[in-house]
Amino acid sequence: MASKKVSKITISDVARVAGVSVTTVSRVLNGERYVREDKKQAVLDASAKLDYQPNVYARSLAGDRSYLLGLLFDEAPGGEYLSGMQRGAMRRCKEAGLHLVVEHFDRTTVLDEIESFLSKLKLSGAILTPPACDNKVLLAALERKKVPTARISPSGSYPGMPSVKINDFEAAQQMTEHLISLGHKKIGFIAGDPEHADSRERLKAFRDTMAAAKLTVPEEWIQTGGYLFEGGLDAAMAILGQRQRPTAIFASNDDMAAAVIVIADRLKINVPEDLSVVGFDDIPMASVLSPALTTMRQPVEEMAKVAAGLLIDMQKGKKIATDEPVVLNVEFILRSSTAAAPES
């Protein structure tokens with residue numbers, strides 16, 4: 001005997017059991033305000049009784065907004081950075097009953113593609129990581145579609161959009177001062193992607209701090225690695241392959257710092273006896289490198305979680321400050337990749 005097919009519970013079933021309209025059920029499940037408390041409770045009770053599992057993608061196609069939050073990125077600075085962003089945003093979304101959609105928009109993406117994506121999913125909000133956070137075409141499309149948007153590490157404010165960041169200048173200044181305090185006068189620097197505001201801030205802090213200490217930096221000791229391990233390899237070779245080389249290198253992220261250690265090993269340069277190396281971010285790899293990496297711990301997951309929280313608060317009608325960013329703290333992590341400068 002064939003088994004009886006169990007029909008899927010629909011929003012209409014929830015409305016029937018709750019004794020309300022389908023529209024009311026939709027408003028309650030989408031977290032809209034101004035629904036009478038007794039009707040809201042009836043919908044929630046009916047949903048629980050029927051074990052109603054809504055299709056979030058169907059909702060996004062049917063309503064003005066969905067249960068979907070978008071994490072929109074361009075080229076992220078290292079795979080662990082984007083993974084951390086995903087974990088942080090996902091945790092906050094889960095707490096609020098939302099789902100996270102991750103989408104890539106590079107600098108060649110045209111307006112039609114962006115608007116098509118936004119029209120199909122009707123996002124409840126969007127989080128932009130650098131450098132997508134400064135993509136004028138993307139920002140304009142989100143504004144036109146009235147999608148609440150939070151930006152991570154942008155170059156400046158944007159009307160109506162809150163942002164979350166760290167103080168990249170102060171963090172890079174502290175790291176440079178650490179190397180100087182160890183007696184290093186010859187320090188090289190590997191910059192990230194110049195399209196990223198945080199990369200530009202870290203380089204500026206390095207230059208300013210060295211100048212304040214009356215230390216000169218040959219331009220050939222400043223290279224760009226693009227926040228990538230492969231780019232870090234090329235940059236490290238360009239610096240360390242010279243006849244006159246620095247006694248310390250500050251890499252703008254841990255992936256590039258790891259690349260410096262690899263190149264130093266190839267060139268038979270001992271770290272940290274002959275060359276101190278520091279990074280930025282404190283990704284998991286930083287603590288297992290040999291030697292373990294001195295770095296600046298950036299709260300990547302927390303930044304994404306806070307950004308998602310700002311969007312959720314906006315959805316609830318709370319007033320959110322957009323003129324000034326939410327600034328999170330960093331933490332200096334001292335490990336064994338730095339030592340006193342070698343004697344000349």
Side-chain angles (χ1 to χ4, degrees), residues 77-78 81 130-131 153 155 166-264 267 269 271-272 274-283 286 289 291 293-298 330 332-335 337-342:
Y81 182 90
S153 300
S155 59
I166 62 169
N167 192 320
D168 284 283
F169 186 94
E170 287 187 2
Q173 180 183 49
Q174 182 182 352
M175 186 60 82
T176 307
E177 288 174 345
H178 167 65
L179 293 173
I180 293 172
S181 73
L182 293 173
H184 292 281
K185 298 179 180 180
K186 301 175 181 179
I187 306 174
F189 188 87
I190 300 180
D193 186 337
E195 292 287 331
H196 292 235
D198 50 24
S199 176
R200 298 192 297 270
E201 282 293 292
R202 292 172 200 177
L203 176 56
K204 185 178 187 305
F206 171 74
R207 287 186 182 277
D208 288 358
T209 306
M210 293 292 285
K214 295 181 171 50
L215 298 174
T216 58
V217 184
E219 281 304 309
E220 57 268 25
W221 288 359
I222 298 179
Q223 299 289 330
T224 298
Y227 281 136
L228 302 173
F229 178 79
E230 293 78 8
L233 291 174
D234 293 338
M237 182 59 78
I239 296 172
L240 296 177
Q242 297 175 40
R243 190 164 60 87
Q244 294 292 327
R245 62 183 182 227
T247 61
I249 291 180
F250 178 2
S252 290
N253 77 344
D254 292 343
D255 290 280
M256 297 190 299
V260 175
I261 292 175
V262 168
I263 294 299
L267 297 177
I269 300 170
V271 178
D274 301 320
L275 178 73
S276 286
V277 180
V278 299
F280 204 107
D281 287 341
D282 195 31
I283 64 175
L289 285 169
L293 188 63
T294 293
T295 187
M296 196 66 71
R297 180 174 293 158
Q298 180 176 197
V330 296
F332 175 72
I333 306 296
L334 179 63
R335 296 197 180 100
S337 67
T338 53

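The analysis underlying the following values was restricted to heavy atoms, covering all of them including side chains, and did not include hydrogens, waters or symmetry mates. Keep in mind that this is a model prediction, so the values were computed, not measured.
- Here the closest heavy-atom approach between residue A205 and residue A172 is recorded as CB-CB, 3.6 Å.
- Expressed to the nearest 0.5 Å, how far CG of D282 lies from CZ of R335 amounts to 4.5 Å.
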Pair L275-L240, side-chain contact (heavy atoms from CB on, under 4.5 Å): steps then yes or no: CA-CA 10 Å; L275 178 73; L240 296 177; 3.9 Å; yes
Go through it in stages, so that I can follow the logic: the residues are D168 and R200, the test is side-chain contact (heavy atoms from CB on, under 4.5 Å), and I'd like the CA-CA distance, side-chain angles, deciding distance and then a yes or no. CA-CA 9 Å; D168 284 283; R200 298 192 297 270; over 6 Å; no
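- Among residues at least two apart or in separate chains, salt bridge (charged side-chain N to carboxylate O under 4.0 Å, His left out) pairs with a member in residues 210-239 are R207-E219.
- Taking 4.5 Å as the limit, some side-chain heavy atom of D208 sits within range of a side-chain heavy atom of F169.
- Under the 3.5 Å distance criterion, with hydrogens and angles disregarded, a donor-acceptor pair is assigned to the side chains of Y227 and D198.
- The CG atom of L334 lies 11.0 Å from the CG atom of L293; values are rounded to the nearest 0.5 Å.
- Across all their heavy atoms, T295 and M175 have their closest contact at C-CE, 3.4 Å.
- Side-chain contact of T338 with H178: a donor-acceptor pair under 3.5 Å is present, judged by distance alone.
- Taken from CD1 in I187 to OG1 in T216, the straight-line distance is 11.0 Å, to the nearest 0.5 Å.
- Rounding to the nearest 0.5 angstrom, the gap separating the CZ atom in R245 from the NZ atom in K186 is 10.5 Å.
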Dump the intermediate steps for side-chain contact (heavy atoms from CB on, under 4.5 Å) on V330 and N167, then the final yes or no. CA-CA 8 Å; V330 296; N167 192 320; over 6 Å; no
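- Interatomic distance, I180 CD1 to Q173 CD, rounded to the nearest 0.5 Å: 9.5 Å.
- A pairwise comparison of heavy atoms in E195 and P131 identifies O-CB, 3.8 Å as the closest pair.
- Using a distance-only test at 3.5 Å, with no hydrogens or angles considered, a donor-acceptor pair links the side chain of H184 to the main chain of A339.
- Contact record, S252 with F280: O-CB, 3.1 Å, taken as the closest heavy-atom pair.
- Considering all non-hydrogen atoms of both residues, I190 and A236 come closest at CD1-N, 4.0 Å.
- The two residues A257 and A251 come nearest to each other via the heavy atoms N-CB, 3.5 Å.
- In this structure, I239 and V260 have side chains that are not in contact, with every pair of non-hydrogen atoms separated by 4.5 Å or more.
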Apply side-chain contact (heavy atoms from CB on, under 4.5 Å) to residues V262 and F229 and explain how you reach the verdict. CA-CA 10 Å; V262 168; F229 178 79; 4.1 Å; yes
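- Ring-plane geometry between F206 and F189 is classed as parallel, the angle between the planes falling under 30 degrees on a 0 to 90 degree scale with a further cut at 60.
- The closest donor-acceptor contact from the side chain of S337 to the backbone of P291 lies at 3.5 Å or more, if one exists at all.
- Rounding to the nearest 0.5 Å gives a distance of 5.0 Å between CD1 of I283 and CG of D254.
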